[in-house]
Amino acid sequence: MKIPNPISLHLLTISFKIHKNHFSTAAAAASTNTNLTTLFNKYFDKTDVYSWNSLIAELARGGDSCESLRAFSWMRKLDIKPNRSTFPCAIKSCSALFDLNSGEQTHQQALIFGFESDLFVSSALIDMYSKCGKLSNARVLFDEIPQRNIVTWTSLITGYVKNDDAHEALMVFKEFLFEKSKGNGEEVGTSVDSVAMVSVLSACARVSNKAVSEGVHGVAIKVGLDKVMGVENTLLDAYAKCGEVSLSRKVFDEMAEKDVVSWNSMIAVYAQNGLSTDAFEVFHGMLKNGGGKYNEVTLSTLLQACAHEGALRVGMCLHDQVLKMGYVNNVIVATSIIDMYCKCGQAEMARNAFDGMKEKNVRSWTAMIAACRIHKNVELAEISARELFKLDPSNYTVWGLEAQNHETRKQSVTAQRLPLEQEYIMNYLEHDK
DNA sequence: GTAGGGTTAG
């Protein structure tokens, strides 16, 4: 029986997971899940590349990238020949996992099967290399493509943005516009789309230059994409990051429709510019007109506004809401809570929130150290700093602690010198070959 | 049947 209808595919996806368990825990599989395993074995045609493609795609779409890659390698072990639809999904799973090794291997396979000039494969590869920090590989691939389309252009632009080079991202966009103006292929208006505009505008947000943002906004108007919600959301952010809060608000007010990202973005604009009252006001509007649907980003941003305003009572109320909605284990949200308590002068509450955190990272330690300082608990600050030091030896918070403790100071010096020593050793070994 | 995007923490 052939697969792809959505319902059986869903069943197969589940049965695939069970199938995997079947080998590791035979007993468990034998009890309750035998039916699905049987289903899988019965309906999944393991000789059919289309079945494998569907499975790999479905798993990748569902965020189960690990299983998606397992499916790909299983398929290869059975010596099933992949086709042009197999690779984009498999490569996408490598990017999602930031797995450069698998990415390179999959790239090699794509070359072996002759898909090096396939645009779907190329754009997935450009995305994969840039997500894995290998932007130069992405660039080489891009330069080798004879006929680029908007997706390959966008992949490269996004790659530069994600690798902290928004300026180069804008240069690539400029190159794109130039190429179109020469009359090569389609015109700008027909080739650019909203995803590309969003990507370019996110680069504008990072370079924070008003003229540049206005220029890109102009392009969006010219090609008729300025009224697309996603574009408006990014444009709003881009203007705010240039310090143009009123322009940002203008975009927001003129939106025909707003989603949760629109509301969150506008709240963030005010919270980040110290305009807490406006941030609360937008949230009020969100509750009234936004269908009352807010998320962890909303709460985290509002906590930031409370931190700025010293609005402890609102902050505590938001903390309650975080607990109710089950966001307490989200590192960003939890860090916002610690920071809010800290800035409201409640070091004890900050510490309680910190102790309750399941997962801690550099930012939460940093917020905790700040709370200790406010509480004038030098000893605890010192202990926290040492913990932070283990996570991130180059963190400025540790350096800023004035290293009262001799040991901390000694470790600091070692950490500063270590990279140089490593470089020296590497050089030495290179020349000794 | 397949590729690319936006908001939140010091």
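Proteins get letters first, then strands, A, B, ... in listed order; numbering begins at 1 in each.
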Chemist: Could you work out which one of B/dG1, B/dA9, B/dG4 sits closest to the side chain of A/Ser85?
Modeler: B/dG1
Chemist: By a strict heavy-atom criterion of less than 4.0 Å, which residues belonging to residues 116-137 of chain A are in contact with DNA chain B?
Modeler: A/Leu119, A/Phe120, A/Ser123, A/Asp127, A/Lys131
Chemist: Please tell me if A/Gln272 has a side-chain N or O lying less than 4.0 Å from either OP1 or OP2 of B/dA9.
Modeler: yes
Chemist: My understanding is that only residues two or more places apart in sequence, or in another chain, count here; which of them pass side-chain contact (heavy atoms from CB on, under 4.5 Å) with A/Leu119?
Modeler: A/Ile145, A/Asn149, A/Thr152
Chemist: Which residues, if any, of residues 156-168 of chain A bring a heavy atom under 4.0 Å of DNA chain B?
Modeler: A/Thr158, A/Lys162
Chemist: Check every atom of B/dT8, B/dA9, B/dG4 against the side chain of A/Asn361 and return the nucleotide holding the closest atom.
Modeler: B/dA9
Chemist: Would you check if the side chain of A/Ser300 reaches a backbone N or O of A/Val297 as a donor-acceptor pair within less than 3.5 Å?
Modeler: no
Chemist: For A/Ser265, check side-chain contact (heavy atoms from CB on, under 4.5 Å) against everything at least two apart and list the hits.
Modeler: A/Leu236, A/Val261
Chemist: Does a side-chain N or O from A/Arg61 land closer than 4.0 Å to OP1 or OP2 of B/dT2, or not?
Modeler: yes
Chemist: Partners of A/Val245 by side-chain contact (heavy atoms from CB on, under 4.5 Å), sequence neighbours excluded?
Modeler: A/Val269, A/Tyr270, A/Asn273, A/Leu275
Chemist: Output the single nucleotide from B/dG4, B/dT2, B/dT8 whose closest atom is nearest the side chain of A/Ser300.
Modeler: B/dT8
Chemist: Is the closest side-chain heavy-atom distance between A/Ser122 and A/Leu141 below 4.5 Å?
Modeler: no
Chemist: If I take atom CG in residue A/Asn295 and atom C1' in nucleotide B/dT8, what distance separates them, rounded to the nearest angstrom?
Modeler: 9 Å
Chemist: Under 4.0 angstrom, heavy atoms only, what part of the nucleic acid is A/Glu232 near: base, sugar-phosphate, or nothing?
Modeler: nothing
Chemist: What integer distance in Å separates A/Asn83:CG from B/dG1:P?
Modeler: 13 Å
Chemist: Taking ring pair (Phe, Tyr, Trp, His ring centres under 6.0 Å) as the definition, give me every residue that meets it alongside A/Trp263, ordered by chain and number, with sequence neighbours left out.
Modeler: A/Phe252
Chemist: Heavy atom of residues 197-212 of chain A under 4.0 Å from DNA chain B: which residues?
Modeler: A/Val198, A/Ser202
Chemist: Please identify each residue that fulfils salt bridge (charged side-chain N to carboxylate O under 4.0 Å, His left out) with A/Glu175, with sequence neighbours left out.
Modeler: A/Arg139
Chemist: Base, sugar-phosphate alone, or nothing: which one does A/Asp193 contact when heavy atoms must sit under 4.0 Å apart?
Modeler: base
Chemist: Strictly below 4.0 Å: does A/Gln304 bring a side-chain N or O up to OP1 or OP2 of B/dT8?
Modeler: no
Chemist: Do the side chains of A/Glu67 and A/Arg70 get close enough for a salt bridge, i.e. N-O under 4.0 angstrom?
Modeler: yes
Chemist: By ring pair (Phe, Tyr, Trp, His ring centres under 6.0 Å), which residues pair with A/Phe115, not counting sequence neighbours?
Modeler: A/Phe87
Chemist: Do any of residues 320-336 of chain A sit with a heavy atom less than 4.0 Å from DNA chain B, and if so which?
Modeler: A/Ile332, A/Thr335, A/Ser336
Chemist: With a 4.0 Å heavy-atom cut-off, tell me which residues in residues 258-267 of chain A come close to DNA chain B, sorted by residue number.
Modeler: A/Asp259, A/Val261, A/Asn264, A/Ser265
Chemist: Between A/Arg206 and A/Asp164, does any side-chain N to carboxylate O distance fall below 4.0 Å?
Modeler: yes
Chemist: Please report, rounded to the nearest Å, how far the P atom of B/dT8 is from the CG atom of A/Leu236.
Modeler: 11 Å
Chemist: Roughly how many Å is it from CG in A/Leu235 to P in B/dT7, rounded to a whole number?
Modeler: 13 Å
Chemist: Does A/Tyr327 have any ring pair (Phe, Tyr, Trp, His ring centres under 6.0 Å) partners at least two apart in sequence or in another chain, and if so, which?
Modeler: none
Chemist: Would you confirm whether the ring centroid of A/Phe354 sits within less than 6.0 angstrom of the ring centroid of A/Trp365?
Modeler: yes
Chemist: Roughly how many Å is it from CZ in A/Arg249 to C1' in B/dT7, rounded to a whole number?
Modeler: 16 Å
